[in-house]
Visitor: 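This structure is in structure tokens; I'll ask about it shortly.
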Amino acid sequence: MPEGPELHLASLFVNRVCEGVVFTGAVRKSMVSKSCDVAFTCDAYRIRAASRGKEVKLTLTPFKSHVNEGRLEPPVDIVFRFGMSGSFRFTSEDELPKHAHLSFYSNETPCGVLSFVDTRRFGSWQPNGSWQPNRGPCIMFEYKSFRKNVLLNLSNRAFDRPICEALLNQKYFNGIGNYLRAEILFRLNIPPFVQARTVFEGLELEDLAAGNITVKEELSDEKTSDRAGKNKAQPADLLRLCHTIPLEVVNMGEKGYDPEKSDYSNFKAWLQCYYVAGMKSTRDHNGRTMWFSGDAGPMAPKERKSTKAKKTAKKEGNHDFTAKKKVAGIRSKNTEEAKKREKREVASRKQKLKEEVEVTDTRDKTRRFPRRKTSGADTKVEQNRRSSRVKTVQPIG
DNA sequence: CGTCCACGTCTAC
DNA sequence: TAGACCTGGACGG
């Protein structure tokens, strides 16, 4: 689950399991990984982790007592991005997870192994690297500079985009991902496809309330404006929620992260909009699913994109193909034929879509987080809809 | 069996 | 602004 909070929880996880552990030898990379080797070998070193937005940095520090020919090796930083499926695990040597791509071995017996696990391999790492320079300040732990970086750059074309798309721009919102943008906009009742700039204009550079923020405060605005409609002068602050909402997830603790149990019940219960039954969803201009309720906003894509073309017959010689995939590849080997068929399919799909409403109500699109057992009228929508549960968060930075 | 979908970048027309 | 990059789970036929 890698957005900002998960990356941070991953760094906490690493620090917890590596506390007092002595690592030794070489850093080992899986055969299949295309990321670079980590040329680091040391008899005895420790591992610490830190996070910033959607990156985690591991620092490998040789112990002073272990000196290589009179010279102490300097620490090495490795910066990780998690892609769609990255995580860290700590296991015994013979329980190495299936998709472990970079592993650090302890000197214990039995040997403990910290590994970077990444099923889809969209993740990456950079040894001797530092935070990616074109990513902005961390939404969670560099709140002040994050806020300034947005408000001082509102003239940038990034803010011409709809707000939901701007929120995924890591140059300004380092740590926000697809579930966070949905949750954040939902809580403020901001239509996802209004121009980003208009949402931020008028916000104060300094957030005076920072450091003493509760979610209740955020929502109180909007409740009173319901009543009087006079509250326009003090709009709920989207930038602050970009900070506090991710911290709510962090404060749920490693339960939300724990790769061992993969028990997401806490997290699922926390979600109010993303993948929640009864919410609407549509594709944004980049083909990402935007979850929301109410108005889509004026910049909503008019016609949904035709679903991505099949990429079947592309990679014949790929050694990495499973037997199944090979069959599929061979079957559609005749590219001419495949293309024609594809055209026909796309055409008929477009035709269908024309007749559909632009934005679909997705009452049963709840798949990724497996179906909840429905318990009568106790629907999630009902529970969460503008729920005024108070949660205190501890903003840092 | 096949199709669609997923918590994210990247680079190449 | 498409695709490419991947694996695997849910679901439909």
Side-chain angles (χ1 to χ4, degrees), chain A residues 1-10 30 32-35 53-56 79-87 97-101 117-126 132 134-135 157 161 165 167-171 173-184 245-246 249-250 256-257 259 262 264 267-268 270-271 273-275 281-291 301 303-315 318-332 338 341-342 345-346 348-349 360 362 364-372:
Chain A
M1 307 227 342
E3 298 184 19
E6 289 75 29
L7 279 274
H8 182 66
L9 289 167
S30 76
V32 70
S33 171
K34 288 175 189 163
S35 286
K54 265 185 239 178
E55 296 183 304
V56 167
V79 172
F80 291 81
R81 264 149 272 138
F82 279 17
M84 296 284 265
S85 56
S87 67
K98 185 170 180 199
H99 297 283
H101 294 303
V117 181
D118 184 9
T119 312
R120 298 181 68 184
R121 271 182 276 150
F122 292 171
S124 60
W125 62 80
Q126 199 61 59
Q132 211 170 235
N134 47 349
R135 306 183 76 103
R157 280 168 44 215
R161 314 294 311 147
E165 292 168 22
L167 285 175
L168 293 185
N169 186 338
Q170 302 298 300
K171 187 174 170 139
F173 300 92
N174 187 7
I176 301 291
N178 207 22
Y179 82 73
L180 282 172
R181 70 170 179 172
E183 294 299 310
I184 291 166
I245 302 268
V249 180
V250 170
Y257 172 73
S262 75
Y264 293 116
F267 179 71
K268 277 188 290 177
W270 175 84
L271 290 171
C273 179
Y274 181 80
Y275 251 103
S281 73
T282 188
R283 296 306 173 98
D284 69 14
H285 292 97
N286 301 310
R288 301 270 255 142
T289 303
M290 180 65 217
W291 289 84
E303 219 170 301
R304 279 197 295 180
K305 295 171 178 278
S306 58
T307 41
K308 49 195 170 252
K310 306 293 160 294
K311 47 179 177 176
T312 37
K314 263 277 175 76
K315 316 183 60 177
N318 193 332
H319 62 290
D320 203 18
F321 269 21
T322 65
K324 260 188 215 165
K325 278 182 182 168
K326 263 180 191 156
V327 171
I330 289 164
R331 195 180 289 164
S332 47
R341 205 188 48 203
E342 179 59 24
E345 279 173 9
V346 167
S348 81
R349 234 177 276 142
T360 42
T362 52
D364 52 16
K365 270 197 204 165
T366 48
R367 247 184 260 161
R368 207 166 70 60
F369 301 110
R371 272 184 219 291
R372 298 175 307 121

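FYI, side chains are in, hydrogens and waters are out, and symmetry mates aren't considered; it's all heavy atoms of this structure.
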Visitor: Measure NE2/A:His285 against C1'/C:dG3 and give the value in whole Å, please.
Guide: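 Those two atoms, NE2 and C1', are 18 Å apart.
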
Visitor: Would you tell me if any nitrogen or oxygen in the side chain of A:Arg121 comes within less than 4.0 Å of OP1 or OP2 on C:dT7?
Guide: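 Answer yes for this pair, as a side-chain N or O of A:Arg121 is under 4.0 Å from OP1 or OP2.
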
Visitor: Could you state the atom-to-atom distance from CZ of A:Phe82 to C1' of B:dA6 in whole Å?
Guide: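 In whole Å, B:dA6 C1' and A:Phe82 CZ are 17 Å from each other.
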
Visitor: A:Arg283 side chain N/O closer than 4.0 Å to the phosphate oxygens (OP1, OP2) of B:dC5?
Guide: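 Yes, such a contact exists.
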
Visitor: Is A:Phe122 stacked against the base of C:dC5, taking the criterion as centroid distance under 5.5 angstrom and interplanar angle under 30°?
Guide: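 By the stated criterion, A:Phe122 and C:dC5 stack.
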
Visitor: So A:Arg181, base contact, sugar-phosphate only, or nothing? Heavy-atom distance under 4.0 Å.
Guide: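 A:Arg181: no heavy atom of the nucleic acid under 4.0 Å.
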
Visitor: Any side-chain N or O of A:Gln170 below 4.0 angstrom from OP1/OP2 of B:dG8?
Guide: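 No, because none of the side-chain N or O atoms of A:Gln170 sits under 4.0 Å from OP1 or OP2 of B:dG8.
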
Visitor: Take atom CZ of A:Phe267 and atom P of B:dA6, then tell me their distance rounded to the nearest Å.
Guide: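 To the nearest whole Å, that distance equals 14 Å.
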
Visitor: Choosing from C:dG8, B:dC10, B:dG8, which nucleotide comes nearest the side chain of A:Lys54?
Guide: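 Looking only at heavy atoms from C-beta outward on A:Lys54, the closest nucleotide is B:dG8.
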
Visitor: Compute the ring centroids of A:Phe267 and A:Tyr179, then answer whether they are less than 6.0 Å apart.
Guide: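 Aromatic pair counts; centres sit under 6.0 Å.
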
Visitor: Looking at C:dT7, I'd like to know if its phosphate oxygens (OP1 or OP2) sit under 4.0 Å from a side-chain N or O belonging to A:Lys98.
Guide: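 Negative; the distance criterion is not met.
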
Visitor: Taking C-beta and beyond as the side chain, do A:Glu6 and A:Val249 meet within less than 4.5 Å on heavy atoms?
Guide: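 Yes - at least one pair of side-chain heavy atoms lies under 4.5 Å apart.
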
Visitor: Reckon A:Glu183 touches a base, only the sugar-phosphate, or nothing at all at heavy-atom distances under 4.0 Å?
Guide: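 Nothing, no nucleic acid heavy atom in range.
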
Visitor: B:dA6, OP1 or OP2 - any side-chain N/O from A:Arg288 closer than 4.0 Å?
Guide: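 Checking B:dA6 against A:Arg288, no side-chain N or O comes under 4.0 Å of OP1 or OP2.
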
Visitor: Would you say A:Thr289 reaches B:dA6's phosphate, i.e. side-chain N/O to OP1/OP2 under 4.0 Å?
Guide: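 So the side chain of A:Thr289 is within the cut-off, an N or O lying under 4.0 Å from OP1 or OP2 of B:dA6.
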
Visitor: Report the residue from A:Ser124, A:Ser30, A:Ser35, A:Ser33 that forms a side-chain hydrogen bond (donor to acceptor under 3.5 Å, both in side chains) with A:His101.
Guide: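 For A:His101, the side-chain hydrogen bond (donor to acceptor under 3.5 Å, both in side chains) test succeeds with only one of A:Ser124, A:Ser30, A:Ser35, A:Ser33, which is A:Ser30.
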
Visitor: When you compare C:dG13 with B:dC5, how far apart are their P atoms, in angstrom units rounded to a whole number?
Guide: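 Each nucleotide's P atom is 15 Å from the other's.
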
Visitor: If I take atom CD in residue A:Gln132 and atom P in nucleotide B:dG8, what distance separates them, rounded to the nearest angstrom?
Guide: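 Atom-to-atom, A:Gln132 to B:dG8, this comes out as 14 Å.
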
Visitor: What is the distance, rounded to the nearest whole Å, between atom CD of A:Glu165 and atom C1' of B:dG8?
Guide: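 Atom-to-atom, A:Glu165 to B:dG8, this comes out as 15 Å.
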
Visitor: Could you tell me whether A:Asp284 and A:Arg181 have a side-chain N and a carboxylate O separated by less than 4.0 Å?
Guide: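 Salt bridge: yes.
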
Visitor: Send over the distance from A:Arg81 CZ to B:dC10 C1', rounded to a whole Å.
Guide: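 It works out to 10 Å between those atoms.
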
Visitor: Measuring only between side-chain heavy atoms, which start at C-beta, is A:Trp270 closer than 4.5 Å to A:Glu183?
Guide: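 Yes, close enough: below the 4.5 Å cut-off.
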
Visitor: Write down the distance between CZ (A:Arg120) and C1' (C:dG9), rounded to a whole number of angstrom.
Guide: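 So the CZ-C1' distance, A:Arg120 to C:dG9, works out to 11 Å.
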
Visitor: Nearest whole Å is fine: how far is B:dA6 C1' from A:Leu168 CG?
Guide: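 In whole Å, B:dA6 C1' and A:Leu168 CG are 14 Å from each other.
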
